[in-house]
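Order of the sequence lines fixes the chain letters, A, B, ..., with proteins taken first and strands second; residue numbering starts at 1 for each chain. If you're wondering where the values come from, they're calculated on a predicted model, not measured in any experiment. In what follows, every heavy atom counts, from backbone to side chain, and hydrogens, waters and symmetry copies are set aside.
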Amino acid sequence: MGETIKDLKRTHLCGEVTIEDNENKVTIMGWVQKRRDHGGVIFADIRDRSGIVQVVFNPDSGKELFDKADSLRSEYVVAITGKVEPRPEGNVNPELPTGEIEIKAEELRVLDAAETPPIQIEDNIDTGEDVRLKYRYLDLRRPKMTKLMGLRHQITKTTRDYLDNNGFWEIETPILTKSSPEGARDYLVPSRVNPGQFFALPQSPQIFKQLLMVSGMEKYFQIARCFRDEDLRANRQPEFTQIDMEMSFVNQEEVMEITEGLMKELFAVGNIEVPAKIKRMSYQEAMDRFGSDKPDLRFAMELKDLSEAVKDSDFNIFSGTVSSGGQVKGINFKGGADSPRSTIDGFEEYVKMFKAKGLAWMALREDELKSPIAKFLSDQEIEDIKEVMDAETGDLLLIVADKASVVASALGNLRLKIARENDLIPEEVYEFVWIVDFPLFEYDENEDRLAALHHPFTAPIDSDIEKLDSDPASVKSKAYDLVLNGEELGGGSIRINNHKLQEKVFSALSISEEEQQEKFGYLLEAFDYGTPPHGGIAFGLDRLMMIVGRTDSIRDVIAFPKTQKATSPLTNAPSVVDKKQLQELGISIRS
RNA sequence: GGAGGUGUAGCGUAGCGGUUUAACGCGCCGGCCUGUCAAGCCGGAGAUCGCGGGUUCAAAUCCCGUCUCCUCCGCCA
């Protein structure tokens, strides 16, 4: 049993005791980071979330106190009262903010003893993530993690302050809501009161925020938890947080403007400067030049179109692809001509993951042109390829021939892989870009129908509305994504605010009238009662945090994240439940 | 659903058929030490080598299966 605080009052945080407090009596409370016993003198580093301060125990302050200090171990929780003194000549520690002083202990209370922790509480540990997650409460004690949690608080606070200053109201929307077709798999929650029926956890508050616009709230935001039952990635968790906003009586420009102001303040928290006016790029240009709708603009290696140069080639794979409506494009890995064959084979394996059938290459070496395809190409064709690709001696040209979507994802991803592996991406460079002029729909091969590229509530641009029937695939939308360094920070759109138009879009998505009524009837009906033009945007707070916090794992910015199998090693969730619980819900498990 | 990687004291690694009684660093425990802050010196405890099966005279080491964690593809309006 530990001692109690009783009348003790914490006067200082560990990291905030300075030479200003010299000669003062202070009381700190925290964890024992480290005890250094020199026989005649004992040092103890005491840590709280603000930092570390050194406490000194001398024999002259009494045997009882000294013996107690001797019994301290790592992670004991203590309260210490003592006098702040400057450290003796030559013993200042410039590494610590509190390194000029130390606290000469007069009283020590052990508030709680501790077992030796399974992971060490310090920044640079190599401990596996499984162990860290199981003992997450210890992992979060590490200063690096503590700082990230503090940073996350700063970001959400800054968001609230900025949006409040701009007239937004924070409004909560339901967590228990209705399952919707379109989109990710829903997490379902059975209803005991309504056996056989289920709520769904929201994939986003999309429809509710639109209803709030119908409700006349005009400017809404929420730091909203969202749930998607899909497989995880380094930057994807099944529950994540969006900064979700919606405004009435605005156009695209106004949403983007208010957003840029928010970004400026949020990134300032991480000492990252956002340009006053973020540049814009059309979806088509992004796909053409970078093979991605979230281009990383920190380095070049752009995709170059070789279709014209090879359309009449004897090399059938190239000319045939062009004549059947596909593309031949390439990227230039500058200085990569001497890459070993195994590396190039690795590139080919990699593009095959993105459905490319192969990877053609030309290595422009000092003495020769090394390429398995050169013999099929005329000298003129080779020259044209080199010219289009701005190639010179020492370069490695990597070429994919396929339909446009495959070429884009194969080369777009290869571009990123090569850049990462060869350190072509500069550190601490932040390239923001708005991607605009998205198509409203994209073709879904699996389902053989059009699917919403953004979501089904996105408005088409005014001049394309008449093409919804005749040529839906060519319709552009009022959608916009904010991209930073190849990461989609957030996306939004101006929404449809009209019953008829919304029905038309649903129909283009092959959502039957019955399904429209059943799934979205309440939204369509709401539109009939006077709906303001509205639009908004949502940001992935966790991904934003990864950038501001300079970490590669989304798990580092979430206090209690899930593993890749969507489980929690800490709580052991998910778990089987009592038969009785299932019975109440009218659910039986098929085994 | 698929591909790849991973698993050896509390933590991180080495060992990759027999000279090993499984080694090293950190941590832990004990002793010495009055100025350390990656303290130092001396001593010590701690591992059925993820799990199951197989091959072999002999398996941490080879083979098969399985599980965990990580990265990626599919999926993520």
Side-chain angles (χ1 to χ4, degrees), chain A residues 33-46 52-60 66 73-75 85 87-96 98-99 102 115-135 138-139 180-186 203-204 206-207 226-238 240 346 349-355 409-410 413 416-417 440-442 444-447 449-458 477 479 488 491 493 505-506 509 511 519 538 540 552-553 555 562-565 567 569:
Chain A
Q33 175 69 32
K34 189 77 192 173
R35 182 191 59 124
R36 286 180 297 278
D37 182 355
H38 285 247
V41 60
I42 296 172
F43 301 102
D45 292 337
I46 308 301
I52 281 176
V53 67
Q54 174 165 286
V55 176
V56 192
F57 297 88
N58 277 304
D60 59 22
F66 194 75
R73 292 293 179 272
S74 287
E75 299 309 305
E85 298 186 335
R87 293 193 183 188
E89 195 67 33
N91 283 311
V92 166
N93 183 350
E95 304 290 309
L96 281 181
T98 60
E102 60 194 9
E115 298 288 322
T116 302
I119 62 173
Q120 279 161 254
I121 312 301
E122 56 193 43
D123 275 345
N124 294 311
I125 58 172
D126 303 314
T127 308
E129 252 188 313
D130 40 350
V131 183
R132 286 176 50 204
L133 288 184
K134 178 165 182 193
Y135 300 99
L138 299 179
D139 191 36
S180 69
E182 301 289 302
R185 291 186 189 89
D186 287 320
Q203 295 176 26
S204 84
Q206 183 60 37
I207 295 179
C226 305
F227 307 85
R228 294 179 188 174
D229 188 4
E230 298 293 351
D231 287 351
L232 292 83
R233 286 287 186 284
N235 64 359
R236 238 161 61 189
Q237 283 273 306
F240 61 98
E349 279 309 300
Y350 187 70
V351 297
K352 280 180 175 170
M353 286 201 313
F354 304 96
K355 303 269 160 60
S409 70
N413 283 295
L416 293 172
K417 178 187 166 75
L440 188 58
F441 305 110
E442 64 181 341
D444 182 336
E445 287 179 19
N446 297 330
E447 305 268 331
R449 65 174 179 91
L450 291 179
L453 188 71
H454 197 64
H455 58 54
F457 314 108
T458 299
S477 72
E488 182 192 331
S493 62
V505 169
F506 281 148
L509 291 167
I511 301 176
K519 302 290 186 186
D552 293 327
S553 172
R555 283 168 245 111
K562 305 283 188 294
T563 67
Q564 197 176 34
K565 284 283 282 298
T567 64

* With RNA chain B as reference, determine whether A:S74 or A:G128 sits nearer its 5' end, using the nearest nucleotide of each. =>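 Checking each residue's closest nucleotide, the 5'-ward one belongs to A:G128.
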
* To do: For A:E95 and for A:Q120, find the nucleotide of RNA chain B with the closest heavy atom, then tell me which residue's nucleotide is more 5'.
  =>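 Looking at RNA chain B, the more 5' nearest nucleotide goes with A:Q120.
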
Counting only side-chain nitrogens and oxygens, does [X] get under 4.0 Å of the OP1 or OP2 atom of [N]?
| X | N | value |
| --- | --- | --- |
| A:R228 | B:rA77 | yes |
| A:R236 | B:rC73 | no |
| A:T563 | B:rC69 | yes |
| A:K34 | B:rG27 | yes |
| A:R36 | B:rU34 | no |
| A:S493 | B:rA77 | no |

Watson-Crick or G-U counterpart of [N], or none if no pair lies under 3.5 Å:
| N | value |
| --- | --- |
| B:rC24 | B:rG12 |
| B:rC62 | B:rG54 |
| B:rA77 | none |

So what does [X] hit on the nucleic acid, given a heavy-atom distance under 4.0 Å: a base, only sugar-phosphate, or nothing?
| X | result |
| --- | --- |
| A:R73 | sugar-phosphate |
| A:E102 | base |
| A:P88 | base |

Has the side chain of [X] got a donor or acceptor atom that lies under 3.5 Å from a matching backbone atom of [Y]?
| X | Y | result |
| --- | --- | --- |
| A:E75 | A:T116 | no |
| A:D139 | A:Y135 | no |
| A:E102 | A:P88 | no |

Given atom [atom1] of [X] and atom [atom2] of [N], what is their separation to the nearest angstrom?
| X | N | atom1 | atom2 | answer |
| --- | --- | --- | --- | --- |
| A:D231 | B:rG2 | CG | C1' | 11 Å |
| A:K352 | B:rG4 | NZ | P | 15 Å |
| A:I125 | B:rG12 | CD1 | C1' | 10 Å |
| A:E349 | B:rG2 | CD | P | 19 Å |
| A:Q564 | B:rC75 | CD | C1' | 13 Å |
| A:E442 | B:rA77 | CD | C1' | 9 Å |
| A:D126 | B:rC24 | CG | C1' | 15 Å |
| A:N413 | B:rG74 | CG | C1' | 13 Å |

* Minimum heavy-atom distance between A:T458 and A:H454, given as atom pair plus value ->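 Of all heavy-atom pairs spanning A:T458 and A:H454, the closest is OG1-CD2, 3.2 Å.
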
* To do: State, to 0.1 Å, how close A:R555 and A:R233 come at their nearest heavy-atom pair, and which atoms those are.
  =>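 Closest approach of A:R555 to A:R233, heavy atoms only: NH2-O, 4.5 Å.
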
Between [N] and [M], how far is it from one [atom1] atom to the other, in whole Å?
| N | M | atom1 | answer |
| --- | --- | --- | --- |
| B:rG52 | B:rA60 | P | 13 Å |
| B:rC11 | B:rC16 | C1' | 23 Å |
| B:rC26 | B:rC70 | C1' | 23 Å |

* Compare the aromatic ring of A:H38 with the six-membered base ring of B:rA39 and state whether they stack according to the 5.5 Å and 30° rule. =>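 Here A:H38 meets both the 5.5 Å and the 30° conditions.
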
* To do: Specify whether A:Y350 and A:F354 have parallel, tilted or perpendicular ring planes, treating 30° as the upper limit for parallel and 60° as the lower limit for perpendicular.
  =>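 Perpendicular.
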
